Amino acid sequence: MRRLTAFDEAIASTALALMTLIPLVEIALRPLHGKGIDNAPLLVQHLGLVLAMFGAVLAERGGHLTTLGSGLANARQPALRHAAHYLAKGGSALLAGMLAAASWAFVASELGAGRELAYGLPVWTVQALMPAGFLILGVKLGSRCTPRPMLRHLLGAALAGAGFLFAHHFDGASLPLAPLALFLLAVLLAGAPIFAVLGGLALALFWSEGQPIASVPLSHYQITVNPSLPALPLFTLAGLVFARSGAAGRLGRLFTACFGGGPFGTVVAAALLCSCFTAFTGGSGVTILALGGLLLPLLTQAGVPERKGISLVTSASALGVLLAPSVPLIMYAIIARVPINTMFLAGVVPALVMVASLLAVGGYLGRKSVPQPGTASIPRASLAATLAAAWAARWEILAPLVAIGSLVSGLATPTESAALTAAYAILTQALAHRELDWATLRRCLADCAQVIGGVMLILGMALGLTNYLVDAGIPDAAVEWVQAALPNKFAFLVALNVFLFLAGALMEIYAAIVVLVPLLLPVAISYGIDPVHFGVIFLAVMEMGFLCPPAGMNIFFASAMFARPIREIAVSVLPALLAIFLGALVISWVPQLATALPAWAGLH
């Protein structure tokens with residue numbers, strides 16, 4: 001089993017490494033030979049499919065496939081707890097088998113097309129990884145239904161095979177929706193992975209209409225090979241490299257030198273550092289793990305109460321979503337078909353508004369902070385200390401310029417910009433600082449593969465569901481209903497903020513982007529709201545979702561990092577939730593905050 005795990009990790013990590021290297025080789029060869037690698041963009045895009053499937057397998061092995069929560073698996077009664085576990089794992093194995101059958105139907109339809117990827121490699125050979133990956137996931141999920149080693153994989157194969165045969169037999173048939181919907185609700189509450197429930201719901205809806213189920217894996221394939229999608233894992237890899245090295249400490253010293261070591265300066269520095277770090281790591285949970293141990297002692301030494309310091313780190317780590325090169329920011333640009341460089345600029349001013357709102361309304365700038373007894377004299381902000389800290393962190397300071405500058409200037413495509421940023425992070429941390437060795441880089445590759453694999457699986461299944469809703473005319477019906485219920489633009493904006501807050505508390509942010517943006521964007525446009533402005537509103541409100549159970553992962557990461565009960569963390573961030581909501585309302589009512597900078601740069 002250990003060898004198989006290493007094999008899966010090697011495939012996912014190799015795919016990610018090639019996604020980094022191929023664009024760099026392409027950039028180098030174009031000026032020399034007038035062309036680069038044959039079909040390089042297509043190769044990189046299909047490597048994204050390899051990363052998605054084997055990264056998801058890695059995520060399953062590590063127990064990192066996203067769920068709505070443990071649900072019934074945390075019940076006090078042992079019998080109910082065990083039943084929920086069997087239902088979640090067994091039901092997920094059946095659903096994964098169904099998705100494998102649907103994927104094979106899609107691959108079979110492509111066999112006769114004769115399309116080649118590059119250098120004589122047929123496209124279907126890469127597409128075939130979808131049914132293979134879903135079958136592996138089904139076997140692994142089903143094997144967790146029993147602790148007996150001899151029966152584990154036999155049971156997993158039986159459950160995944162049963163799901164495969166069921167879907168294959170009823171492909172194109174018309175099945176009632178209600179029984180499947182009740183089954184999906186049960187496995188969701190029992191703790192099944194979100195991808196299985198979303199994929200199962202998409203299959204159930206297509207079955208209810210008697211349509212081919214290959215439409216679901218087709219959507220998964222389309223989004224995993226989207227030309228802009230490789231930017232997601234590459235920017236995430238760059239962020240993880242910075243998180244695993246001493247970059248956090250250098251940046252922390254820089255921000256402290258800029259704003260001083262007193263309560264005010266330390267609080268402002270912590271909020272800005274957490275926001276900027278989340279923009280690069282792609283996950284606010286990673287920011288808490290990377291910066292929590294560094295920032296909390298600084299905050300308490302400056303006189304900030306420990307509970308308020310934990311609350312600040314937990315809430316400020318959610319605010320990087322609007323800053324480039326945030327993964328959700330790129331994801332919205334892809335789904336809404338807005339230029340990525342436009343969204344990068346659109347998020348800058350609103351992100352600062354959100355940070356200011358958090359600090360001012362959240363109560364973190366109060367005067368009740370008292371330095372701890374015995375603490376050394378608090379350093380003040382000084383130009384000399386700032387220049388020294390900036391020189392020490394010079395490679396980290398230049399990283400956003402590499403990421404954003406290469407893209408906004410038009411010198412690189414989104415994928416090439418992301419590859420440059422990932423390579424820059426690896427080279428600077430390995431050569432300039434000598435803090436990145438092979439073992440650490442390997443761990444960064446594997447962790448990135450797990451995160452992105454799980455995310456891409458959710459995105460693919462959510463897009464299959466969204467495509468059905470669009471085909472069914474749900475967005476048009478939503479426009480008519482909302483316009484009849486809400487008389488003007490400002491009433492709609494208030495309702496939108498409240499709805500997105502509830503959605504962010506219940507849905508994983510990537511699934512929310514794929515499912516809700518195609519439904520809500522036409523409604524927003526009907527009220528005269530610019531798609532760029534809508535995207536900033538959407539992501540700003542979704543930041544609150546990181547702080548709200550059951551989908552608010554910041555609560556759980558902070559609880560683990562700071563060894564505090566989940567309830568205590570959740571209560572401590574309530575003022576931050578109010579502050580972020582008020583900041584989102586300001587952004588909603590002043591569209592120029594989002595659109596002025598892109599318009600000034602000639603990108604909007």
Side-chain angles (χ1 to χ4, degrees), residues 68 102 172 174-185 188 194 197-216 218-220 222-223 331-338 458-542 545 551 584 588 591:
L68 190 62
S174 181
L175 299 178
L177 178 61
L180 289 171
L182 290 174
F183 169 71
L184 291 170
L185 178 61
L188 176 67
I194 289 177
V197 178
L198 287 174
L201 181 57
L203 291 176
L205 289 170
F206 279 104
W207 265 321
S208 69
E209 300 289 337
Q211 299 180 19
I213 57 176
S215 299
V216 178
L218 171 61
S219 300
H220 180 53
Q222 288 175 336
I223 195 159
M331 198 67 248
Y332 173 82
I334 294 172
I335 298 299
R337 299 180 180 180
V338 176
I458 292 173
L459 294 181
M461 299 302 99
L463 184 61
L465 176 61
T466 299
N467 286 342
Y468 171 85
L469 297 176
V470 171
D471 292 341
I474 302 300
D476 295 334
V479 169
E480 295 178 3
W481 183 84
V482 173
Q483 287 183 335
L486 301 174
N488 57 63
K489 175 180 176 179
F490 292 101
F492 168 74
L493 286 173
V494 173
L496 176 67
N497 279 266
V498 174
F499 173 78
L500 290 178
F501 169 66
L502 296 175
L506 296 174
M507 297 181 70
E508 208 268 347
I509 187 170
Y510 302 106
I513 292 172
V514 177
V515 173
L516 296 180
V517 167
L519 299 178
L520 296 177
L521 183 56
V523 182
I525 292 175
S526 71
Y527 281 92
I529 298 173
D530 186 277
V532 173
H533 182 213
F534 172 78
V536 171
I537 297 171
F538 187 98
L539 296 174
V541 182
M542 278 290 155
S588 301

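Given the structure is predicted, the values throughout are model-derived calculations rather than measurements.
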Peer 1: Just one of V494, V541, I529, L493 clears the side-chain contact (heavy atoms from CB on, under 4.5 Å) bar with S588, so which one?
Peer 2: L493
Peer 1: A side-chain contact here means heavy atoms from C-beta on lying under 4.5 Å apart; do S208 and L175 qualify?
Peer 2: no
Peer 1: Check A202 against G464 and note the closest heavy-atom contact, atom names and distance.
Peer 2: CB-C, 4.1 Å
Peer 1: Report the residues that fulfil side chain to side chain contact (heavy atoms under 4.5 Å, CB included) with I335, sequence neighbours left out, ordered by chain and then residue number.
Peer 2: I223, M331, I513, V514, V517, P518
Peer 1: Atom CG in N497, atom CG in L502: separation rounded to 0.5 Å?
Peer 2: 11.0 Å
Peer 1: Does a side-chain heavy-atom distance below 4.5 Å link V216 with H220?
Peer 2: no
Peer 1: Quick one: does L516's side chain get under 4.5 Å of F538's, heavy atoms only?
Peer 2: yes
Peer 1: Is any side-chain heavy atom of L205 closer than 4.5 Å to a side-chain heavy atom of L201?
Peer 2: yes
Peer 1: Would you mind reporting whether L500 and L520 have side-chain heavy atoms less than 4.5 Å apart?
Peer 2: yes
Peer 1: What is the minimum heavy-atom distance between A495 and L486, and which atoms define it?
Peer 2: CB-CD1, 3.7 Å
Peer 1: For a 4.5 angstrom cut-off between non-hydrogen side-chain atoms, does F534 reach P591?
Peer 2: no
Peer 1: Determine the interplanar angle of the F492 and Y527 rings, folded into 0 to 90°, and report it as parallel if under 30°, tilted if 30 to 60°, perpendicular if over 60°.
Peer 2: parallel
Peer 1: Drop me the distance from I213's CD1 to L218's CG, to the nearest 0.5 angstrom.
Peer 2: 13.0 Å
Peer 1: Report yes if some heavy atom in the side chain of M542 is under 4.5 Å from a heavy atom in the side chain of F501; otherwise report no.
Peer 2: no
Peer 1: Spell out, as yes or no, whether a donor-acceptor pair under 3.5 Å connects the side chain of S215 to the backbone of Q211.
Peer 2: no
Peer 1: Run the numbers on V536 and Y332 for side-chain contact (heavy atoms from CB on, under 4.5 Å), then give the verdict.
Peer 2: CA-CA 9 Å; V536 171; Y332 173 82; over 6 Å; no
